[in-house]
Undergrad: 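Right, I'll just put the structure down here and ask away after.
The first residue of the sequence shown is numbered 1, and numbering continues consecutively from there. Hydrogens, waters and symmetry mates are skipped; everything else that's a heavy atom, side chains included, is used.
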Amino acid sequence: MKVLFVASECVPFIKTGGLADVVGALPAALASEGVEARVLLPAYPAVKAALPKAKVLRQFPRSFGGRGQLIAGKAAGLDVIALEAPHLYDRPGNPYLAANGKDWPDNHLRYGALCRVAARIAVEGCDGWQPDVVHLHDWQAGLTAAYLKLGRRAAPPCVTTIHNIAFQGLFPEKTVETLGLPEKGFHPEGFEYFGKLGFLKAGLVYAERITTVSPTYARELTSAEFGMGLEGVIAARRTQVSGILNGIDLDIWNPAADPEIAKTYSAKAPAGKAANRKALAERFKLDPDSRAPLFCVVSRLTRQKGLDLLLEALPRLIGRGASLAVLGSGDADLEAAYTAAARENPGRLGVVIGYDEALSHLMQAGADSILVPSRFEPCGLTQLYGLRYGTLPLVARTGGLADTVIDANEAALQAGVATGFQFAPVATAPLADAIDRCCDAFADSKAWGAMVRRAMKHPVGWETSAAAYAKVYREMIEAQR
Ligand code: ADP
């Protein structure tokens, strides 16, 4: 079975969030399900650099205002097809934002071109390879479904995966014509979203199937609270929506062989975690009490992630003798507030503003607990790394966080299944109460140690989810026969 992934980010080439992790890891996991996946990406500078010996597959003399060509090659174990169009993609840094922090004004062209080329590959094949299924990731790929379904040629089925519905790719009505889309699709049952062209909406309306990255988020998306205006579209297609949890790369995230951490350790021999705690404390200039947990946060600093709530709960955390290391970047006001709070709480709160993959490994290894107080969280990856590293996640009961962490309540403790802490509703007081519960649990070092070992054994790889995606692909192919 051949599957074409269409995406705007992919680890290890370019990443702004969990979407890139999934696109980079899922193809290898699918291989053991008999799926041959190729990933179509824009040829940003980092993608081009990873394909020094790329083969030119095909040229497009006109590609939304300039020349384009498809190149292909293997990189980082992935079969990559890249759309080279320097006028659209030859820009360093964040793929979506210009240096002024605003969206590139031609993002509709940049991702419209990607979708149009994806549809051509789907219909015509390229390099003697034609996909049986097209797998679209997030809004940047969504328009592919419209080009396919509103086109005149027979097309393979496609599935759209929602990694985060907060990003929908909305553009003015006039872009419909610019992008060569048929006017007949511009209505509320088509790709129109309240007078605008909606890339993600197109992906949801015209794809045969929809998936999202956890069962709980799949349910939440049908409600106004989480659906961000698309809840009706998703509810109407309820029977074609599946929630499939993300996995993590067990080679990259392996405390028994992680080159970025101070000392390796495992569930069988967890003692090395203490050396990482010490290294983490030194790195963040913390002076943690051995009787209270050292918490960490590795996150975009945004309201979605609930990190304003954590600031409010900070006095309770510090009052319990606990300490906190924060690594993140994002909203200027949150960056400033965390930096100020660190100044006011020397030795107890350490903050690094920035993006640092290597440091994120040390944090997962060195902390006792990772805090993820998100207002919404489609799947979340950092709590999965936390489980794997025995860094018990303390999470909001929402989306994938609810599906992956088993709360240490009385019943779960007695049954011996708890792996972390959940709180609900997502507000300051319940978060502070959960921090209290975590501190109480930490004080019982025997029970804590048992939870750490259990968390480290919790399955967080791709195996189950790759099988679930392969099943969706097979069902789509069957349905088209
Ligand atoms: P989202 O995609 O909403 O940002 P996820 O939890 O799904 O959230 O994925 C975030 C990914 O980005 C994780 O791999 C996490 O470790 C990483 N990450 C986030 N912020 C940072 C940072 N400041 N430094 C290093 N890695 C980070």
Undergrad: Looking at H87 and F64, would you say the former's side chain and the latter's main chain have a donor-acceptor pair under 3.5 Å?
TA: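 Yes; at least one donor-acceptor contact below 3.5 Å.
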
Undergrad: Verify the neighbour count for atom CD of E463: are there more than 12 heavy atoms of other residues, nucleotides or ligands below 6.0 Å?
TA: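 No - once you tally the heavy atoms of other residues, nucleotides and ligands closer than 6.0 Å, there are 12 at most.
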
Undergrad: Look at the side chain of Q364 and the backbone N and O of G386, then say whether any donor-acceptor pair between them is shorter than 3.5 Å.
TA: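 Yes; judged by distance alone, with no hydrogens or angles, the pair exists.
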
Undergrad: Please check if the side chain of S465 supplies one atom and the backbone of I244 the other of a donor-acceptor pair under 3.5 Å.
TA: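 Pair absent, no side-chain N/O of S465 close to backbone of I244.
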
Undergrad: Is it the case that the side chains of T211 and T161 hold a donor-acceptor pair, with the cut-off being a distance below 3.5 Å and no angle test?
TA: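 Yes, because at least one side-chain N or O of T161 sits under 3.5 Å from a partner of the opposite role on T211.
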
Undergrad: Side-chain donor-acceptor pairs under 3.5 Å in residues 22-38, sequence neighbours left out?
TA:
unit_1 : atom_1 : unit_2 : atom_2 : d
S32    : OG     : A29    : O      : 2.9
E36    : OE2    : W129   : NE1    : 2.6

Undergrad: Using a 4.5 Å cut-off on heavy atoms from C-beta on, say whether the side chain of K74 contacts that of D79.
TA: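 D79 vs K74: side chains touch.
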
Undergrad: Quick check: do L359 and F284 have side-chain heavy atoms less than 4.5 Å from each other?
TA: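 Yes, close enough: below the 4.5 Å cut-off.
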
Undergrad: Going from CD1 on I210 to CG on L136, what distance comes out if it is rounded to the nearest 0.5 angstrom?
TA: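 Answer for the CD1-CG pair, I210 versus L136, is 11.0 Å.
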
Undergrad: Could you pull out the closest heavy-atom pair between L384 and N246, with the gap in Å?
TA: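 Minimum heavy-atom separation between L384 and N246: CD1-O, 3.6 Å.
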
Undergrad: Of all the heavy-atom pairs spanning G399 and S214, show the shortest one and how long it is.
TA: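 Closest pair (atom of G399, atom of S214, distance): C-OG, 3.5 Å.
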
Undergrad: Are D331 and K305 close enough for a salt bridge, meaning some N to O gap below 4.0 Å?
TA: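 A salt bridge is absent here (no side-chain N lies under 4.0 Å from a carboxylate O).
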
Undergrad: Do NZ/NE/NH1/NH2 and the carboxylate oxygens of R388 and D258 come within less than 4.0 Å?
TA: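 Not counted as a salt bridge, because no side-chain N and carboxylate O are separated by less than 4.0 Å.
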
Undergrad: Taking V159's backbone N and O only, do any of them form a donor-acceptor pair with R209's side chain (distance below 3.5 Å, no angle check)?
TA: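 Checking the backbone N and O of V159 against the side chain of R209, no donor-acceptor pair under 3.5 Å is found.
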
Undergrad: For the pair K149 and E208, find out whether any cationic side-chain nitrogen is under 4.0 Å from an anionic carboxylate oxygen.
TA: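 Looking at K149 and E208, the cut-off is met.
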
Undergrad: Can you tell me how the ring of H108 sits relative to the ring of F171, calling it parallel under 30°, perpendicular over 60° and tilted otherwise?
TA: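 Tilted: the ring planes of H108 and F171 meet at 30° to 60°.
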
Undergrad: Is atom NZ of K263 surrounded by more than 12 heavy atoms (other residues, nucleotides or ligands) closer than 6.0 Å?
TA: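 For K263, atom NZ is not crowded (no more than 12 foreign heavy atoms under 6.0 Å).
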
Undergrad: Do Y265 and N276 have side-chain atoms, one donor and one acceptor, less than 3.5 Å apart?
TA: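 No pair is found: no donor N or O on one side chain lies under 3.5 Å from an acceptor on the other.
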
Undergrad: Can you confirm whether L181 sits close enough to F186 that some side-chain heavy atom of one is under 4.5 Å from a side-chain heavy atom of the other?
TA: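 Result no, sub-4.5 Å side-chain heavy-atom pair not found.
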
Undergrad: Heavy atoms, side chains only, cut-off 4.5 Å: are S8 and Y44 in contact?
TA: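 Touching, per the 4.5 Å side-chain cut-off.
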
Undergrad: With distance as the sole test, does Q383 use its side chain to make a donor-acceptor pair with the main-chain N or O of C379 at under 3.5 Å?
TA: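 Answer holds: yes.
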
Undergrad: Is Q140 reaching over with its side chain to a backbone N or O of N107, donor-acceptor style, under 3.5 angstrom?
TA: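 Here the side-chain-to-backbone pair does not exist.
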
Undergrad: Hey, what do you get for CG (L197) to CG (L143), rounding to the nearest 0.5 Å?
TA: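 Reported to 0.5 Å precision, the distance equals 5.5 Å.
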
Undergrad: Between K273 and T391, does any side-chain donor sit less than 3.5 Å from a side-chain acceptor?
TA: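 Note: K273 and T391 side chains meet the donor-acceptor criterion.
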
Undergrad: Going through the checks in order, is the side-chain contact (heavy atoms from CB on, under 4.5 Å) test met by Y147 and T144?
TA: CA-CA 5 Å; Y147 285 123; T144 311; 5.6 Å; no

Undergrad: Is there side-chain contact between Y217 and E377, with at least one heavy-atom pair below 4.5 Å?
TA: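 When only atoms from C-beta onward are counted, E377 and Y217 do not touch, as no gap falls below 4.5 Å.
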
Undergrad: Hey, is R91 close enough to D106 for a salt bridge, meaning N to O under 4.0 Å?
TA: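 Yes, this pair counts.
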
Undergrad: So which heavy atom on P156 is nearest to which on D132, and how close?
TA: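 Minimum heavy-atom contact is CB-O, 3.4 Å.
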
Undergrad: Return yes if some donor-acceptor pair links the side-chain N/O of Y206 with the main-chain N/O of K201 below 3.5 Å, else return no.
TA: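 Flag not set: sc Y206 to bb K201 has no pair under 3.5 Å.
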
Undergrad: Tell me if a side-chain donor or acceptor on N94 pairs with a main-chain N or O of T16 at a distance below 3.5 Å.
TA: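 Not a single qualifying donor-acceptor pair exists.
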
Undergrad: Would the F167 and W139 ring centres measure less than 6.0 Å apart?
TA: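 They do not qualify: ring centres at least 6.0 Å apart.
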
Undergrad: Just so I know, are the side chains of F376 and I165 near enough to count as touching, which here means a heavy-atom distance under 4.5 Å?
TA: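 When only atoms from C-beta onward are counted, I165 and F376 do not touch, as no gap falls below 4.5 Å.
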
Undergrad: Taking the six-membered ring for Trp and the single ring otherwise, decide whether the centroids of Y111 and W104 are under 6.0 Å apart.
TA: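 No - the distance between ring centres of Y111 and W104 does not fall below the 6.0 Å cut-off.
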
Undergrad: Within the side chain of N164, is there an N or O that forms a donor-acceptor pair under 3.5 Å with the backbone of A166?
TA: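 Confirmed, N164 side chain pairs with A166 backbone.
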
Undergrad: Going through the distances and angles, do R67 and E84 end up as a salt bridge (charged side-chain N to carboxylate O under 4.0 Å, His left out)?
TA: CA-CA 8 Å; R67 294 172 69 80; E84 207 181 335; over 6 Å; no

Undergrad: Of all the heavy-atom pairs spanning K15 and D21, show the shortest one and how long it is.
TA: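 That closest heavy-atom pairing would be NZ-OD2, 2.9 Å.
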
Undergrad: Quick one: closest heavy-atom pair of G112 and F199, and the distance?
TA: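 Shortest heavy-atom separation between G112 and F199 comes out as N-CE2, 3.7 Å.
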
Undergrad: Given 3.5 Å as the limit, does a donor-acceptor pair link the side chain of E192 with the main chain of G185, or not?
TA: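 A pair under 3.5 Å: no.
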
Undergrad: Is there side-chain contact between D138 and T160, with heavy atoms separated by less than 4.5 Å?
TA: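 D138 does not reach T160 side chain to side chain.
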
Undergrad: Might you point out which heavy atoms bring L170 and K196 nearest each other, and give the distance in Å?
TA: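 Looking at all heavy atoms of both residues, the closest pair is CB-CD, 4.1 Å.
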
Undergrad: For Y469 and W462, take the angle between the two ring planes, folded into 0 to 90°, and tell me which bin it lands in: parallel under 30, tilted 30 to 60, perpendicular over 60.
TA: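 Judged by the thresholds at 30° and 60°, the geometry between Y469 and W462 is tilted.
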
